[in-house]
Undergrad: 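Got a structure here, written out as structure tokens. Questions coming.
In each ligand, atom 1 is the first atom listed, and ligand 1 is the first ligand listed.
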Amino acid sequence: MRRKRVIGNWKMNGGLAANRRLLDELLPQLAALQGVEVAVCPPFPYLAQVAALLEGSGVALGAQDLYTVEKGAFTGEVGGGMLRELGCRFVLVGHSERRSLFGECDEVVAEKFAMALRAGLVPVLCVGETLAQRRQGQTEQVVSAQLQAVLRRSGIQGLAAGVIAYEPVWAIGSGETASPEQAQAVHRHIRALLGEFDRACAAATPLLYGGSVKADNASALFAQLDIDGGLIGGASLEAASFLAICQAASPRQEQERAQP
Ligand code: PEP
């Protein structure tokens with residue numbers, strides 16, 4: 001059975017004092033939570049601080065991006081080995097903000113995914129369609145193309161060594177969430193696509209949903225068959241809402257949902 005995971009993407013938010021406050025409030029409460037793997041992805045300058053604050057907590061550290069090569073004359077970029085050295089386990093690749101604001105195409109994202117694997121990181125591959133693409137009925141086609149680029153570069157075993165986050169672009173930071181049925185339909189499509197290459201890999205690969213997940217919609221999303229947790233943006237910046245989302249992912253909550 002796949003374990004539930006919740007990953008907080010802090011985006012370009014935080015500060016030394018604010019990070020400490022957030023984690024001081026969050027970590028003692030998360031310690032009581034069983035059966036959910038939790039990670040947070042602060043901005044690069046705070047990785048060392050957050051790594052120290054997370055020590056012994058069981059909460060993993062992730063970064064929000066990496067470059068396609070390990071080191072060299074690439075001013076402003078960050079290598080996977082550097083992230084590993086700072087204690088990162090995860091790294092986001094292909095977040096829609098990177099794709100749309102910084103022009104990252106599927107091939108660059110695939111290269112970053114491969115680099116993350118080489119560096120010993122677990123890449124969290126973000127895929128998802130825009131509103132226009134959804135309205136034109138292109139959701140599955142877009143998501144498939146994003147996955148195929150990574151499959152061509154890293155193969156099914158490589159893709160399955162990572163995590164996939166389905167994040168419809170129209171739901172990110174908009175307050176508009178995909179319904180559990182809409183999200184499940186795309187997750188089922190992703191698992192079926194992986195299954196065409198390797199059924200065991202398809203069954204084992206964690207598929208997260210992201211896009212305006214909040215305390216009040218997390219349970220219904222996480223109850224879907226192919227949704228293995230969430231990638232959380234805005235709601236990960238506040239201890240109470242992130243905790244409630246992590247609780248919604250805990251197996252105990254799932255049992256309570258099954259036996260009301
Ligand atoms: C994200 O940035 O990955 C995200 C899902 O953001 P939000 O939860 O704010 O929509």
Undergrad: Contact between ligand 1 and G173 is defined here as a heavy atom of the residue under 4.0 Å from a ligand atom; is it met?
TA: yes
Undergrad: What is the distance from atom CG of L225 to atom CZ of R191, rounded to the nearest 0.5 Å?
TA: 7.5 Å
Undergrad: To which protein heavy atom is atom 9 (O) of ligand 1 closest, and what is the distance rounded to 0.1 Å?
TA: G234 N, 2.8 Å
Undergrad: Report, in ascending order of atom number, the atoms of ligand 1 lying under 4.0 Å from any heavy atom of A171.
TA: 10 (O)
Undergrad: Would you find a donor on one side and an acceptor on the other, under 3.5 Å apart, between the side chain of N217 and the backbone of S212?
TA: yes
Undergrad: With respect to atom 3 (O) of ligand 1, which of E167, E176, K11 exhibits the smallest heavy-atom separation?
TA: E167
Undergrad: How far apart are the closest heavy atoms of A183 and Y209, and which atoms are they?
TA: CB-CD1, 3.8 Å
Undergrad: Is a side-chain donor or acceptor of E55 paired with a backbone partner of A51 at a separation under 3.5 angstrom?
TA: no
Undergrad: Is there a donor-acceptor contact under 3.5 Å from the side chain of Y46 to the main chain of A48?
TA: no
Undergrad: May I ask you to list the atoms of ligand 1 that are less than 4.0 angstrom from any heavy atom of G211?
TA: 5 (C), 10 (O)
Undergrad: In terms of residue, atom name and distance, what is the protein heavy atom nearest to atom 1 (C) of ligand 1?
TA: H95 NE2, 3.2 Å
Undergrad: Counting both backbone and side chain atoms, is some N or O of S174 under 3.5 Å from an N or O of ligand 1?
TA: no
Undergrad: If the cut-off is 4.0 Å to any non-hydrogen atom of L231, which atoms of ligand 1 fall inside it?
TA: 3 (O), 5 (C)
Undergrad: What's the spacing between R98 CZ and Q64 CD if we round to 0.5 Å?
TA: 9.0 Å
Undergrad: Could you tell me whether a side-chain N or O of E70 sits under 3.5 Å from a main-chain N or O of G81, the two making a donor and an acceptor?
TA: yes
Undergrad: I'd like to check whether I172 has a polar contact with ligand 1, where a contact means an N/O of the residue lying under 3.5 Å from an N/O of the ligand.
TA: no
Undergrad: Under 4.0 Å from any heavy atom of G233, which atoms of ligand 1 are there?
TA: 4 (C), 5 (C), 6 (O), 7 (P), 8 (O), 9 (O)
Undergrad: Under 4.0 Å from any heavy atom of N9, which atoms of ligand 1 are there?
TA: 1 (C), 2 (O), 3 (O)
Undergrad: For T130 and Q133, test the side chains for any donor-to-acceptor distance below 3.5 angstrom and give the result as yes or no.
TA: yes
